[in-house]
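What follows is a single structure, written as structure tokens, with notes after it.
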2 protein chains.
Amino acid sequence: MSSQKMENSFGETIRKLREENNLFLREVSAQLEIDASILSKIENNNRIAKKELIKKFSTLFNTDYNELLIIWLSDKIVNELKDEKNIKKVLKIAEQKINNGKK
Amino acid sequence: MSSQKMENSFGETIRKLREENNLFLREVSAQLEIDASILSKIENNNRIAKKELIKKFSTLFNTDYNELLIIWLSDKIVNELKDEKNIKKVLKIAEQKINNGKK
DNA sequence: TTTGACTTGACAATATTTGTCAAATTTAGA
DNA sequence: TCTAAATTTGACAAATATTGTCAAGTCAAA
């Protein structure tokens, strides 16, 4: 349905989608075949969604898969770097490595 | 000792350091208290070094810890994104999130 | 208060990562 | 080439980390 702000966390994103659709957490979790407690944790960024869930979210909310994936991936990167120093430098080097086609 | 090219992989970096110091893999692995097979895999980028090893490497080779850490972290990021599309966008969003102080 | 929606925490079940070991391969020197 | 040392590889076990389940908890609206 609606396009998401990429700067939002994955949790914020799917909570917003759920609320736009006026669905209870319990209803969404049933559709996704996961326990409501897990969805709650995901929405509150207390747990990272399994990658396969992204597809289910995009189908359920009729929203773009790649958009959600980008949000999810960027969350993972942020999570991996959040306690580190020199984050900008790390990202810059990572991008260089990717451009060079290096592993 | 010498400063490392950041665009190199962690494996290439420590192999170069080892060779500059004319040490056998077996000697370095003994210093690091890991099996030689693990070090071999790390040098060949077939396994990611545990984070705590970075400190030992920097001590052993008398090289800057933060430099090695940046190389190691950027490798991890590359690894996480290597099979994905929209990598540049993901990195851009990740940086935005970090700048915004968001999780 | 009761009810329904959501959250939290403990812990069990799974999955992933890491270490160990032996065998295979490669390399360097006689 | 032959040999021995150096390195690599792969199978598996051990250790860690992630995920799922469930019961108890909080919170807000009636």
Side-chain angles (χ1 to χ4, degrees), chain A residues 8-58 60-61 68-69 71-84 103, chain B residues 8-58 60-61 68-69 71-84 103:
Chain A
N8 281 342
S9 69
F10 189 77
E12 288 167 335
T13 302
I14 62 170
R15 166 152 291 170
K16 195 163 292 182
L17 284 167
R18 178 170 69 80
E19 289 174 344
E20 283 172 3
N21 287 275
N22 292 305
L23 294 167
F24 293 125
L25 197 140
R26 142 179 81 69
E27 298 174 298
V28 171
S29 68
Q31 294 286 328
L32 300 174
E33 297 174 291
I34 60 175
D35 194 275
S37 69
I38 294 178
L39 181 55
S40 169
K41 286 166 188 167
I42 293 171
E43 288 193 352
N44 290 295
N45 299 310
N46 293 126
R47 185 173 289 203
I48 296 171
K50 283 177 71 174
K51 196 176 181 189
E52 63 186 61
L53 267 189
I54 305 173
K55 187 96 192 63
K56 293 187 176 182
F57 277 120
S58 72
L60 180 57
F61 294 127
L68 284 183
L69 180 58
I71 294 169
W72 182 84
L73 283 169
S74 59
D75 260 26
K76 278 190 91 182
I77 301 302
V78 171
N79 212 45
E80 199 144 310
L81 297 180
K82 66 174 186 300
D83 299 323
E84 302 292 344
K103 274 204 209 138
Chain B
N8 283 341
S9 69
F10 190 76
E12 290 168 334
T13 303
I14 61 171
R15 166 152 292 171
K16 196 163 293 183
L17 283 167
R18 177 169 70 78
E19 290 174 344
E20 283 172 3
N21 286 274
N22 292 306
L23 293 168
F24 292 124
L25 196 142
R26 147 178 80 67
E27 297 174 298
V28 171
S29 67
Q31 293 287 327
L32 300 173
E33 295 174 294
I34 61 175
D35 193 273
S37 70
I38 294 177
L39 181 54
S40 170
K41 286 166 188 166
I42 293 171
E43 288 193 353
N44 289 295
N45 298 311
N46 294 125
R47 184 172 290 205
I48 296 171
K50 286 177 67 172
K51 196 175 182 190
E52 63 185 61
L53 267 190
I54 305 174
K55 187 97 193 66
K56 290 186 178 181
F57 278 121
S58 72
L60 180 57
F61 294 127
L68 284 182
L69 180 59
I71 294 170
W72 182 84
L73 284 169
S74 59
D75 260 25
K76 278 189 92 180
I77 301 303
V78 171
N79 212 46
E80 200 144 310
L81 298 180
K82 67 174 184 299
D83 298 323
E84 302 292 343
K103 272 200 211 149

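This structure is a prediction, so every number in the text was calculated from the model and none was measured. A, B, ... follow the sequence lines: proteins, then strands. Residue 1 opens every chain.
- Listed pair Arg15(B) / dT8(D) meets the phosphate criterion, a side-chain N or O lying under 4.0 Å from OP1 or OP2.
- Distances from the side chain of Lys50(B) to the nucleotides dC21(C), dG19(C), dT7(C) place dG19(C) closest.
- The interatomic distance linking Leu32(A) (CG) with dT21(D) (P) rounds to 13 Å, in whole Å.
- The distance from atom CG of Leu25(A) to atom C1' of dA28(D) is 16 Å, rounded to the nearest whole Å.
- Proximity of Arg47(A) to the phosphate of dA17(D): no side-chain N or O atom is located under 4.0 Å from OP1 or OP2.
- In this structure, CZ of Arg26(B) is placed 9 Å from P of dA5(D), rounded to the nearest angstrom.
- The shortest side-chain heavy-atom distance between Phe10(A) and Phe57(A) falls under the 4.5 Å cut-off.
- Nearest to the side-chain atoms of Lys41(B) among the listed nucleotides dG19(C), dT19(D), dG10(D) stands dG10(D).
- Within the structure, a side-chain polar atom (N or O) of Asn44(A) is placed less than 4.0 Å from OP1 or OP2 of dT7(C).
- Rounded to the nearest 0.5 angstrom, Thr13(A) OG1 and Asp75(A) CG are separated by 7.5 Å.
- Between the side chain of Ser37(A) and the base of dC22(D), a donor-acceptor pair under 3.5 Å is found.
- When atom types are taken as modelled, the side chain of Asn44(B) and the backbone of Asn46(B) share no donor-acceptor pair closer than 3.5 angstrom.
- In the set dT19(D), dT7(C), dT8(C), the nucleotide with an atom closest to the side chain of Ser40(A) is dT7(C).
- Rounded to an integer number of Å, the gap from CD1 of Ile34(B) to C1' of dT17(C) is 15 Å.
- Between Ala49(A) and Asp35(B), the one whose closest nucleotide on DNA chain D sits nearer the 5' end is Asp35(B).
- Regarding Ile42(A), its CD1 atom lies at a distance of 10 Å from the C1' atom of dT19(D), rounded to whole Å.
- To the nearest angstrom, C1' of dG20(D) lies 12 Å from CD of Glu52(A).
- Among the protein residues, Ile38(B) comes within range of the nucleic acid bases, having at least one heavy atom under 4.0 Å from a base atom.
- Across the protein-nucleic acid pair, Leu23(A) atom CG and dA5(C) atom C1' stand 14 Å apart, rounded to whole Å.
- When each of Glu12(A), Glu43(A), Glu27(A) is tested with Arg18(A) by the rule salt bridge (Lys or Arg N to Asp or Glu O under 4.0 Å), just one qualifies, namely Glu43(A).
- In this model, the phosphate group of dT9(D) is approached by a side-chain N or O of Asn46(B) to a distance below 4.0 Å at OP1 or OP2.
- Residues satisfying the side-chain hydrogen bond (donor to acceptor under 3.5 Å, both in side chains) test with Lys51(A), not counting sequence neighbours, are Glu84(B).
- The CD1 atom of Ile48(B) sits 12 Å away from the C1' atom of dT16(C) (whole-angstrom rounding).
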